[in-house]
Colleague: 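Provided herewith is a single structure, encoded as structure tokens, for subsequent inquiry.
FYI, the numbering just counts along the sequence from 1. Whatever order the structure lists ligands and atoms in, that order sets their numbers, starting from 1.
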Amino acid sequence: MGSPKYVRPQKHNSWFNVVPVRDFPHLGSPKVPFLDSFVTMEASPREPGYVVRYEGVHPMHVTVQYGFICVWFGDDLTKPSWPFPVLFDRSFGRDFCIGKPRVFKDTNLLDLIENNGDQLHFKTVHRWHSVSISDHTYTDRVFRLKMSGVISYARSSESAVKRTLSRIVPVSDYHQDLAFHGPGFGAGQISTNGGLQAQLVLAFTPIGDNDLRLYLAASVDESTLPSWLRALFRLNPFVSLHDLLSRAIVRAGADDTDGDYRIWRYKRSLKDPKLLPGEADIVRIREWMSQYYLKDFEQPPLAIKAEEQKRWILLGHDEEITPGRVHSFTVAGEEVVAYRASNGELCIFEAHCPHQGAHLGRGGRLEDDCLSCPFHHFYFNPQGEFVGTKPEGKPKPHMKLHPVEHRLSDDRVEVFV
Ligand code: FES
Ligand SMILES: [Fe+2]
């Protein structure tokens with residue numbers, strides 16, 4: 001998408017991954033995109049090591065951790081304000097397996113990190129049976145969340161990895177202790193009801209004004225696996241049980257982000273989301289992230305039009321807005337959604353959900369004349385009133401969709417925007 005959707009602050013004061021060591025020899029060019037610029041990388045003449053420069057000029061502080069070449073990005077590029085964090089208090093004795101990179105266009109760090117404090121989305125987007133965040137704590141540098149849930153692998157994804165898992169362990173109790181060390185790195189300790197324990201690293205690289213790259217890495221604690229399974233794999237010199245399972249965890253984690261990306265890509269990060277009681281973790285994460293983002297950050301920035309700037313503009317022909325589905329339009333720079341209620345009435349609203357900014361036309365559904373948001377499945381009636389998580393609920397005062405004034409002129413639908 002052409003112009004930048006938001007303004008990224010220039011100094012994050014955090015550690016970021018540039019590229020895994022594994023991929024460094026295969027870079028086609030020494031220039032690697034990083035934030036709104038690039039870094040140049042070369043092997044150090046004093047092996048082993050790397051020289052990394054920002055915009056090819058300013059030397060950066062570099063360290064290699066968990067298989068990633070990491071740089072400090074702060075007010076002073078060469079003097080970190082804090083050392084690279086110890087992500088885990090013990091090692092499972094094997095290298096982390098790093099997955100393939102996932103690039104998310106039009107996605108920012110705030111969306112990604114905020115999501116982890118968003119309990120409800122694990123049920124609606126990832127279709128877990130249940131989830132709860134039991135605890136969160138934060139200091140300047142670290143935000144820690146303890147989460148438990150019950151995952152049904154068959155329900156949660158179409159992916160081959162999850163389908164296979166669903167045959168071996170159909171449902172799993174899942175516990176995760178996740179810590180973000182600044183916005184660049186996350187570290188998760190995970191365990192499941194089968195006794196499996198693993199460590200997970202999330203490494204984020206902001207690219208350009210809008211995009212983000214994510215690498216996931218995992219290491220499984222083999223000692224927690226059944227002895228017969230370990231004995232079986234000891235006979236096989238070609239496949240390591242550690243690597244096989246670690247890669248499966250990385251793949252499963254990456255599949256989950258595909259569900260999120262369907263939302264992130266079209267979402268607006270609202271300055272004033274209409275959060276419900278019980279969503280305190282999101283508020284805390286936002287507070288913590290505000291040290292890395294501008295205050296009052298909104299993506300994309302909302303340009304409030306004065307009434308005298310508004311005009312009647314053609315949206316489309318009446319028959320184009322067919323019943324049974326949500327139609328999306330961009331008209332005079334405004335994103336709107338339109339649908340037809342069962343009595344033929346035309347309902348037109350601003351496209352972004354007031355709860356957390358998801359685009360109602362990108363996966364939103366109609367049920368009993370109500371529009372349901374693709375993110376947390378909240379329902380809004382034809383008047384735009386929030387009626388809860390079922391279409392038959394009563395209107396509640398928490399939030400309302402913004403109706404778009406419209407009129408019919410012959411068979412043309414016009415909106416006042
Ligand atoms: S963003 Fe949460 S229900 Fe729409
Ligand atoms: Fe998610």
Colleague: Tell me the protein N, O or S atoms under 2.8 Å from atom 4 (Fe) of ligand 1, in chain and number order.
Modeller: Cys353 SG, Cys373 SG
Colleague: Are Tyr54 and Phe73 close enough that their ring centres sit under 6.0 Å apart?
Modeller: yes
Colleague: Are the charged groups of Glu385 and Lys400 less than 4.0 angstrom apart, N to O?
Modeller: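 Here Glu385 does not pair with Lys400 in a salt bridge, since their nearest N and O are not under 4.0 Å apart.
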Colleague: Are Phe185 and Tyr66 near enough that their ring centres are under 6.0 Å apart?
Modeller: no
Colleague: Would His126 and His121 count as a close aromatic pair, with their ring centres under 6.0 Å?
Modeller: yes
Colleague: Would you check if Thr192 and Asp173 make a side-chain contact, meaning some heavy-atom pair closer than 4.5 Å?
Modeller: no
Colleague: Could you please tell me which protein N, O or S atoms lie under 2.8 Å from the Fe ion (ligand 2)?
Modeller: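 Short answer, with waters excluded from the count: His121 NE2, His126 NE2, Asp260 OD1, Asp260 OD2.
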Colleague: Taking the side chain as every heavy atom from C-beta outward, state whether Leu371 and Tyr379 have any atom pair closer than 4.5 Å.
Modeller: no
Colleague: Are Phe104 and Tyr261 close enough that their ring centres sit under 6.0 Å apart?
Modeller: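 Ring centroids of Phe104 and Tyr261 are less than 6.0 Å from each other.
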Colleague: Is the distance from the ring center of Tyr174 to that of Trp128 below 6.0 Å?
Modeller: yes
Colleague: Kindly indicate whether the side chain of Asp118, heavy atoms from C-beta on, has any atom under 4.5 Å from the side chain of Ile285.
Modeller: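 SC-SC contact between Asp118 and Ile285 ruled out.
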